[in-house]
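Scroll down for the structure; my scribbles are underneath it.
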There are 4 protein chains.
Amino acid sequence: MKAPSGRPRDPRIDRAVLAATAALVTKVGYADLTVAAIAAQAGTTKPAIYRRWPSKAHLVHEAVFPSGEPTSLPQTGSVADDVREMLRRTAAVWSEPAARAALPGLMGEIAADPTLHAALLERFAEGVWGALHARLVEATARGEVRAGVDPAALIETIAGATLMALLIRAGDHLDDDWFDHMADLLTKGIRP
Amino acid sequence: MKAPSGRPRDPRIDRAVLAATAALVTKVGYADLTVAAIAAQAGTTKPAIYRRWPSKAHLVHEAVFPSGEPTSLPQTGSVADDVREMLRRTAAVWSEPAARAALPGLMGEIAADPTLHAALLERFAEGVWGALHARLVEATARGEVRAGVDPAALIETIAGATLMALLIRAGDHLDDDWFDHMADLLTKGIRP
Amino acid sequence: MKAPSGRPRDPRIDRAVLAATAALVTKVGYADLTVAAIAAQAGTTKPAIYRRWPSKAHLVHEAVFPSGEPTSLPQTGSVADDVREMLRRTAAVWSEPAARAALPGLMGEIAADPTLHAALLERFAEGVWGALHARLVEATARGEVRAGVDPAALIETIAGATLMALLIRAGDHLDDDWFDHMADLLTKGIRP
Amino acid sequence: MKAPSGRPRDPRIDRAVLAATAALVTKVGYADLTVAAIAAQAGTTKPAIYRRWPSKAHLVHEAVFPSGEPTSLPQTGSVADDVREMLRRTAAVWSEPAARAALPGLMGEIAADPTLHAALLERFAEGVWGALHARLVEATARGEVRAGVDPAALIETIAGATLMALLIRAGDHLDDDWFDHMADLLTKGIRP
DNA sequence: GCTTAAACGAGACGGTACGTCACGTCTTCTA
DNA sequence: TAGAAGACGTGACGTACCGTCTCGTTTAAGC
C-alpha cells in the first residue's frame, strides 16, 4: 500500500517552517508575508515548503491555529459559566499574536478556497465549538436552557462577537469586563 | 478656502469606476480583481484611478459600501423589533453581492492599513450602528432595556454574529428564521 | 494675412524655458530630463512650452545649440589653420556643458524624427560648416588643396572625429595637443 | 570557483531573446522597442530578461554588436589598404540593419550609464580597433607611417567619420567611392 | 554494500499584477 | 487668445511574489 521508499522527510523542517511562519506573520503581517522569507528564516527552501503544504494559506492556517489541544471544557456546573469559558477560549486562540496577525488576511483566502474553508471549519468544530455544542444540548434537556435555542446559532454569536471585537479594537486586548458583560448578555438577554 | 484651479476631475469617471469595481468584484471575487480590469471596464486608465484612491482596497471599500444613506430606523415601538431591524440592515448591507464578494478580502487589507480601518469604522458608526446606539440609550432610560447593557457590546454582537453567519454559510443567504431566532436570543438570552 | 488677435505670447517665457532647459539638462542629463521639471524651473507650465515647441527634443535642440552666432572664419591665410580653427569651433559648440549633456540623447530622437534631423543639419550647414566649405573650394582653386578632396567628406571627418572624441573621452576635455595632432593628420595624412 | 548550484539558465532563452531584440529593433526602431514585445517575440517573459541583462540598453547592445569574432585584419602589405579595410569593417558592423537602427538610441543610454560605456569601449577595443592599433604600431616602426601619428587618434577619426556619415546620410549606405575617398584623405592628407 | 527513490539546497522558470512615471493633449478658470 | 493649473489617455517601466521546474547532491531503507 504505502511504500515509503526514498529519503524520508526531515521533521525538523516541518517544525522550523511552522515556527518561522508564526514568527514572521506576527512581525510583518499577513499581507507582507512571503514564502521565500519563511524559507530563509527556517533555513530551508521554497520547494521543501510546497512539498508539505499546498499553498501559503494552508501553511499559515496550520502554523497559527495549533491543532493538538484536548479542549475539554471543565465541569462548571452552570451554563452561564460554560458560555463564559467558551468566550475566553475562543478569544484565547484568536488573540495569540500570530493568529491575530493572520486572521484577517486568512479570511480572504478562506473565502476563495473551499478546501481551506472546510479545513478551518472542521478544526474549530472538533475543538472548542464541539464541546460547547454537546454541553448545550445536555443543558437544554435538563431545562437549564430554554427550548428553541439553537446551539449552532449561539456558537455563531459567541465566535462572531469575539471576532468582531478583535477586529474593531485593533490594538487592545479583551479584558475581564468584556467577558463578564458578554456572557451576561448572552445568558440573560437585554430584557430588564 | 478651496482654490479649484486646473482642470476639474471628470465625475463620470468616479461613477464609472465605482460601478465597474462593484460589478467586477461580484463577478471574479476580490482576489482576482485587478485595477487594470477595473479601468478597462470603466473605460478609463489606471493612473486616473490611482489619482482618486490611494489603493485598490480604498477603492473597493468605497465601491462596496454605499456611503450616503441616513438610515434612520423606523419607529417600531419595541426594542425587540429594533434589534431585529438592526440585524436585517446589517445583513442587508453585507449581503449585497458586491459586498459579500469583497468582505473577506477586504479584511486583510483593513488590518494592514490603519487608514482603511479608521475609514471603515467611521462609515459604519455614522450609519446603522449610530442609529441603534441612540435608540438603545433611550430604551435603557425608559426601562425597556435592563441597566448595565452596553450598547457598544450589543452592536458588536449583532454585527459579529451576522458577519460570522455570512462567512460560515458560504453559499446561502440568511432567512427569516435566522433573524427571528437571533433577535430572540439577544432579547431574551438563553435563560428559560 | 497674419491676424495677431488675442493676447500676445510672453517673450520672457521663451527665454526662461530655454535657460531652464539648458541648466537642467546639464544637471540631470537628457535621459532624466522631464518637461514638467523644465516648466517648474522656468516658472511656467507644460502647455505654455508645447505651444512653442512641438516636442521635448525640439526644445532641447534649440536650447543647447544657440543659433545666432556670425561664425565667420578669420582670415588665416593657410588651409592648415582653417582646418584647425574648424576643429576648435566644432568642439567649442559641442563641449558646452549643456550641449555635451544633451548630444548623445538627442541623437536617438534625431534618428527617429526627420523634422529634427533636417533642422539640425540645416543649423550646422548654415554655421561653421558652411564657412569652411566655401573656404575649401577657394583653396582647391588656388591649388593649396589637392584636387579630388571632397569638402563635404572633410567636414564629415572633422565633425565625426570631434564627436567620437567627445563620446569616448567621457570626462575629459579636448586639449591643445589633440587639436594640433588632429589638424596635422588631416592636413598631411599619415604618409611619412 | 564557480558553484553552479540551482537550476541552470536555459541557453535557448538567451539566444531567442537576442534574436528577437535584433529583429524587433530593426523593425520598429530603438525608441519604440519595448521589453514586453521582446519577451513576447522570444516566447518568454520580462522577468526572464531582466534576470539576464540589467537594462534594455545592455540587452540591445549585446544583441546588436556581435561579440566573438577575432577579426584579424588580412595581410594587405600596405598601410593604405589597412586603413581602407578598417573603414570597411567599422562601417560593416554599424551598417547591420539592427545596429544602424539601434546606434543613435544607444548613444543616449551609453552617456547616461558608465557601465554600458565601459562595456562598449571594451568590446570595440578588443575587436577591429585593437587589430588596427597593432598594425599601425608596426607600420610606424617600419617607417611606412610618419613618426608622430597617434594610432588612437587615427582610430578615433576613422570611427568618427564613419559614424557621422551614417548619421547624416540617414537612408543611404556608404558606397565604394566613399571608402576610396576617405582612405585617400587619411593616407595622403589634403596637401597637394 | 549496493541500489534505489525520494528529499534536499539552490535558483531559474512562466505568469501576472503591481504602482509609478512621463509624454503630449485637453479642459477649466482667470487675466 | 495666452497663461496657470492640473486631469486626461496612452503605454512602458522595472519589481515582486506566486507556485512549479530542473539541476546536482545527500540520505535513508530495502535488497
Side-chain angles (χ1 to χ4, degrees), chain A residues 3-13 31-37 39-40 43-57, chain B residues 3-14 31-39 43-56, chain C residues 3-10 12-13 31-40 43-57, chain D residues 3-14 31-39 43-56:
Chain A
S5 81
R7 175 178 178 175
R9 288 197 185 149
D10 186 341
R12 286 170 310 182
I13 292 183
D32 292 343
L33 182 68
T34 73
V35 178
T44 181
T45 57
K46 284 200 295 169
I49 291 180
Y50 280 103
R51 225 171 273 126
R52 292 166 166 81
W53 294 275
S55 80
K56 183 171 73 165
Chain B
S5 85
R7 176 177 180 174
R9 288 196 183 149
D10 186 341
R12 286 170 309 184
I13 293 182
D14 292 76
D32 291 342
L33 183 68
T34 75
V35 178
I38 294 173
T44 182
T45 56
K46 281 199 293 172
I49 291 180
Y50 280 105
R51 228 172 270 129
R52 291 168 166 77
W53 293 275
S55 79
K56 187 170 70 168
Chain C
S5 81
R7 174 175 175 177
R9 285 192 187 156
D10 185 341
R12 286 170 309 184
I13 292 182
D32 292 343
L33 182 69
T34 73
V35 178
I38 294 173
T44 183
T45 56
K46 284 200 294 170
I49 291 181
Y50 281 104
R51 226 171 274 127
R52 291 166 167 80
W53 293 274
S55 80
K56 184 171 72 165
Chain D
S5 85
R7 177 179 180 172
R9 289 203 180 142
D10 186 341
R12 286 170 310 182
I13 292 181
D14 293 75
D32 292 343
L33 183 68
T34 73
V35 178
I38 295 172
T44 181
T45 56
K46 281 200 293 172
I49 292 179
Y50 281 107
R51 231 172 267 131
R52 287 157 222 269
W53 293 274
S55 79
K56 188 170 67 167

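None of these values were measured; they are calculated from a predicted model. So that the names make sense, note that chain A is the first sequence line, chain B the second, and so on, each numbered from 1.
Among the atoms of the strands shown, none is found under 4.0 Å from any heavy atom of C/I49. Heavy atoms of C/P54 sit nowhere under 4.0 angstrom from any nucleic acid atom.
Side-chain atoms of D/R7 and base atoms of F/dC21 include a donor and an acceptor less than 3.5 Å apart. Checked by distance alone, C/K46 brings a side-chain donor or acceptor within 3.5 Å of a matching partner on the base of E/dG24.
The two residues C/A48 and C/T44 come nearest to each other via the heavy atoms CB-OG1, 3.4 Å. Of all non-hydrogen atoms in D/A39 and D/K46, the two that sit nearest each other are CB-N, 3.7 Å. Residues D/L33 and D/K56 come closest through the heavy atom pair O-NZ, 2.9 Å.
Atom CZ in A/R12 sits roughly 11 Å away from atom C1' in F/dT27 (whole-Å rounding). When rounded to the nearest whole Å, the span between CG of B/D10 and P of F/dG6 equals 18 Å. A straight line from CD1 of C/I38 to P of E/dG24 spans 10 Å, rounded to a whole angstrom. What separates OH of D/Y50 from P of F/dC17 is a distance of 18 Å, to the nearest Å. One can place CG of B/D32 at 8 Å from P of E/dA17, the figure rounded to the nearest angstrom.
Taking the side chain of D/T34 as heavy atoms from C-beta on, and the options F/dA4, F/dA12, E/dC26, the nearest nucleotide is F/dA12. Distance from the side chain of C/V35 is smallest for E/dC23 among the nucleotides F/dG14, F/dA5, E/dC23. Distances were taken from every side-chain heavy atom of B/R9 (C-beta onward) to each of E/dG15, F/dC8, E/dC23; the shortest belongs to F/dC8. Each of F/dT10, F/dT20, F/dC17 was ranked by its minimum atom distance to the side chain of B/T45; first place goes to F/dT10. For B/R52, whose side chain is taken as the heavy atoms from C-beta onward, the closest listed nucleotide among F/dA7, F/dG3, E/dG14 is F/dA7. Residue A/K56 places its side chain closer to F/dG19 than to any other of F/dA4, F/dG19, E/dC26. Of the candidate nucleotides F/dT20, E/dA22, E/dG14, E/dA22 has the atom lying nearest to any side-chain atom of B/P47.
Residue order along DNA chain F, read from the 5' end via each residue's closest nucleotide, puts C/I13 first among D/R51 and C/I13.
The shortest distance between the side-chain N/O atoms of C/T44 and the OP1/OP2 oxygens of F/dA4 is below 4.0 Å.
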* Derivation and outcome, salt bridge (charged side-chain N to carboxylate O under 4.0 Å, His left out), residues B/D14 and B/R52 -> CA-CA 8 Å; B/D14 292 76; B/R52 291 168 166 77; 3.0 Å; yes
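Remark: side-chain polar atoms of B/R9 are paired, donor with acceptor, to backbone N or O of B/R51 under 3.5 angstrom.
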